[in-house]
Engineer: 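For reference, the structure I am asking about is given below.
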Amino acid sequence: MRNSLAFLLLSGSLACFTACRPTVEAPAPVLPVPEAKQVAWQQMETYAFVHFGLNTFNDREWGYGDSSPATFNPVRLDCEQWVRTFVAAGMKGVILTAKHHDGFCLWPTKLTDYCIRNTPYKGGDGDVVRELSDACRKYGIKFAVYLSPWDRHQANYGTEEYVAYFHEQLRELMTNYGDVFEVWFDGANGGDGWYGGARESRTIDRRTYYDYPRIYRMLDELQPQAVVFSDGGPGCRWVGNENGFAGATNWSFLRRGEVYPGYPRYRELQYGHADGNQWVAAECDVSIRPGWFYHSEEDDRVKTVEQLTDLYYRSVGHNATLLLNFPVDRNGLVNPADSANAVGFYKNVQRQLADNLLAGLNPVVSNERGRRYGGKALTDGDYETYWATQDGVAAATVEFALPAVKKVNRMMLQEYIPLGQRVKAFTVEYGKDGEWYPVKLNEETTTVGYKRLLRFATVETDRLRVKFTDARGPLCMSAIEAFYAGETADVVFTADMEKLKGFSFTLPDVAPEEAVKISDRQAATTCFVAGDELVIDLGRERTIASFHYLPDQSEYNKGLISAYEITVGTELGNISRVVKTGEFSNIRHNPILQSVYFTPVSARYVRLKAVKMVNPEEIMGFAEIAVQ
Ligand code: FUL
């Protein structure tokens, strides 16, 4: 009896202990918040892109839609080789260009003959979408597809009939190949195309033509876990450049309904909209080579381990994902130069961020919501636990005492994004001789988001302090880590100048102080020329076979030429022999060095005519020109 009374009393007080203890509520979400699938997508961090198709065999970036399927003949194609390379390079998935702008389909679609069925590959029995999705399953990475809305092959492009065709293509891809983690809708629409032989320019209303609401309904039904990419989402957004970096300030939000495919103020996408009401995190797409498709002349221009590492810090480390493109070559393999650098890059990042100097430490925090949301959560290696401040407290300090003086030059911070992106400003300091000093950074410390990586000048210290000075609500931080990456050289991007060696020349129609910028071999200076023609005088007759044009490399890439005609002559008054006409494909979003090759010809004068400008109101801009 006594025992059972004691038991009753004890269990009663235990019940009270649990029930009467003030429960600490998790912070309320600060809107907008991501869907669970968007969080899982961002946690992939790096994944591969593959550009492969008829362009690979026709040395093009944007096929016109007229290349013969007979040219597609990758004799050693091996999707398992691709996937093994991606796994070794730390990639968590791959997105394949199932159909690029040229309209050629890498799967045996029932909807058009312009597809792999009519190629020599496996005698017409091949299916690259199947082979790659199978390889992904085998090696445990995720699979996804890029399907170009713009189609330069189809005769009915521009009509309602084409839209139905496009939707049915998507349905085939979404039903026959298992789960996809992302669906990639390209915003590019250059207008010109083969279009069943019409060879004309067609424009469509990019906001309405493709009937995206219907597409989203189809995807919700067939592939609910897939994140939809386009310039403005809704799943994830383009980052506004094809160079592979996001802004240091990078909000995962957009103002709903504002950004559409081909949105003219696309530079904003690097930073997001601070006042946005829709969660659309950024994806940084970039090719490991200058172009998206394979060109043998770029074999020696593969991004180096250092360049790729730099991009990692400015993409994943700027609250975005990194979508790294591999232009599969004509054999049907990831080229050895590309795989070596990609694997080297992954190892380099792992080495730089190997030893977290703050792991397991118990930092002193100036505010916490209760023990469950204490500072210890920052160092436990678990993303799901987080340090949170009390309601109304949007500024707080975290101070770490290291067991010994260490060299430090990297920091990693993570917010718990299921509850929103909050941090607006913070500083990082280190302690020395009883004082606090800011670390030396070359970018602003504003937003954090899912992940922020900081590179700073090496300090030797046993004290680190992060001061959060402004946020959109109470702080919810999952992790803070610090590392010593060794002494690494800062990477400076320079355009490849090799191609720009050539004959010396003058520009008879351009003022000398302006003309000098076109051949000073400095990508940073741009020569602007009014009108639509650039006349080049080689001084005497030369045998020439190529023309090279590096567009303006400044942030705004002014005066881009999208279609050209090159003529030559031996007299100034008669430069009329046409050696090549064409387009500088994709120059708007990827303004890399453009090289035009033609049958060798003897000439003293060369004239470049800008047949079409990207922005007709701008005058032509040339960072560099070379004639060889
Ligand atoms: C762009 C396309 O025009 C390029 O060819 C490439 O596919 C790139 C990823 O997207 O918009």
Side-chain angles (χ1 to χ4, degrees), residues 46-65 67 91 93-106 128 144-153 157 182-193 202-204 206 210 228-233 236-246 259-264 266-267 269-270 282-295 298 303 311 315 320-328 338 551 557 560 562-563 582-594 612 614:
T46 59
Y47 38 93
F49 215 171
V50 170
H51 276 64
F52 184 55
L54 280 180
N55 291 347
T56 312
F57 298 87
N58 292 276
D59 219 1
R60 286 180 167 180
E61 276 292 289
W62 276 5
Y64 194 59
S67 297
M91 305 280 137
V94 53
I95 306 180
L96 172 69
T97 52
K99 178 188 87 166
H100 202 252
H101 308 324
D102 64 356
F104 175 75
C105 301
L106 284 175
V128 181
V145 291
Y146 163 117
L147 183 69
S148 171
W150 182 31
D151 191 316
R152 306 175 96 180
H153 179 80
Y157 181 77
E182 186 169 327
V183 183
W184 222 90
F185 293 122
D186 202 309
N189 195 312
D192 295 351
R202 293 185 184 170
T203 47
I204 45 100
R206 299 192 210 202
Y210 299 107
V228 178
F229 167 96
S230 81
D231 288 16
C236 61
R237 71 173 198 262
W238 183 41
V239 76
N241 64 68
E242 293 183 1
N243 301 325
F245 65 85
V259 180
Y260 55 92
Y263 179 66
Y266 55 86
R267 299 270 165 185
L269 301 177
Q270 283 182 25
E283 176 185 84
C284 301
D285 59 324
V286 64
S287 185
I288 197 163
R289 291 164 177 245
W292 290 98
F293 283 90
Y294 180 79
H295 311 284
E298 293 179 356
K303 290 192 174 62
L311 290 181
S315 56
T321 59
L322 174 62
L323 172 57
L324 180 62
N325 180 63
F326 294 80
V328 162
D338 306 27
N557 306 124
L560 300 174
S562 59
E583 67 179 10
F584 294 126
S585 306
N586 198 22
I587 196 169
R588 179 192 192 102
H589 294 314
N590 196 16
I592 56 176
L593 179 65
Q594 308 290 320
K612 208 183 261 184
V614 166

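Quick caveat: nothing in here was measured; it's all calculated off a predicted structure. Atoms within a ligand are numbered from 1 in the order they appear, just like the ligands themselves. Positions are given from 1, in the same order as the sequence printed here. Below, each value reflects all heavy atoms present in this structure, side chains not excepted, and no hydrogens, waters or symmetry copies.
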Engineer: Using a strict cut-off of 4.0 Å, indicate which atoms of ligand 1 neighbour a heavy atom of Phe49.
Structural biologist: 9 (C)
Engineer: Judging by distance only, is a nitrogen or oxygen of Asp285 under 3.5 angstrom from one on ligand 1?
Structural biologist: no
Engineer: Does any non-hydrogen side-chain atom of Phe229 lie less than 4.5 Å from one of Tyr146?
Structural biologist: no
Engineer: Any donor and acceptor pair, going by atom type alone, linking the side chain of Gln270 with main-chain N or O of Phe245 inside 3.5 Å?
Structural biologist: no
Engineer: Could you check atom 11 (O) of ligand 1 against the protein and tell me its nearest heavy-atom contact, residue, atom and distance included?
Structural biologist: Asp186 OD1, 2.6 Å
Engineer: Need the ligand 1 atom indices (1-based, order shown) with element for anything under 4.0 Å from a heavy-atom of His51.
Structural biologist: 6 (C), 7 (O), 9 (C)
Engineer: Give a yes or no on whether the backbone of Leu311 and the side-chain of Ser315 come within a donor-acceptor separation of less than 3.5 Å.
Structural biologist: yes
Engineer: Does ligand 1 come near enough to His100 that some N or O of the ligand is less than 3.5 Å from an N or O of the residue?
Structural biologist: yes
Engineer: What is the closest protein heavy atom to atom 4 (C) of ligand 1, and at what distance does it sit?
Structural biologist: Asn586 ND2, 3.4 Å
Engineer: Taking the side chain as every heavy atom from C-beta outward, state whether Leu324 and Thr46 have any pair of such atoms under 4.5 Å apart.
Structural biologist: no
Engineer: Tell me yes or no: between the side chains of Asn586 and Glu242, is some donor less than 3.5 Å from an acceptor?
Structural biologist: yes
Engineer: Quick one: does ligand 1 sit under 4.0 Å from the side chain of His589, the backbone, both or neither, non-hydrogen atoms only?
Structural biologist: neither
Engineer: Under a 4.0 angstrom heavy-atom cut-off, which atoms of ligand 1 come close to Ala188?
Structural biologist: 3 (O), 11 (O)
Engineer: Can we say Lys612 and Asp192 salt-bridge, meaning some charged N sits less than 4.0 Å from an Asp/Glu carboxylate O?
Structural biologist: yes
Engineer: Per the side-chain contact (heavy atoms from CB on, under 4.5 Å) rule, which among Thr97, Asp285, Val145 passes with Trp184?
Structural biologist: Asp285
Engineer: Would you please classify the geometry between the Tyr157 ring and the Tyr210 ring as parallel, tilted or perpendicular, with 30° and 60° separating the classes?
Structural biologist: tilted
Engineer: Within ligand 1, which atoms have a heavy atom of Tyr146 less than 4.0 Å away?
Structural biologist: 7 (O)
Engineer: Against His51, only a single residue in His100, Glu61, Arg289 fulfils side-chain contact (heavy atoms from CB on, under 4.5 Å); can you say which?
Structural biologist: His100
Engineer: Heavy-atom contacts with Glu242 under 4.0 Å: which atoms of ligand 1 show up? List them by number with element.
Structural biologist: 1 (C), 8 (C), 10 (O), 11 (O)
Engineer: For ligand 1 and Glu61, I'd like to know whether there is a polar contact (N/O to N/O, distance under 3.5 Å).
Structural biologist: no
Engineer: If I apply the N/O under 3.5 Å rule, does His101 come out as touching ligand 1?
Structural biologist: yes
Engineer: Please state whether Phe293 comes within less than 4.0 angstrom of ligand 1, counting heavy atoms only.
Structural biologist: no
Engineer: Could you tell me, atom by atom, which parts of ligand 1 come under 4.0 Å of a heavy atom of Trp62?
Structural biologist: 2 (C), 3 (O), 4 (C), 5 (O)
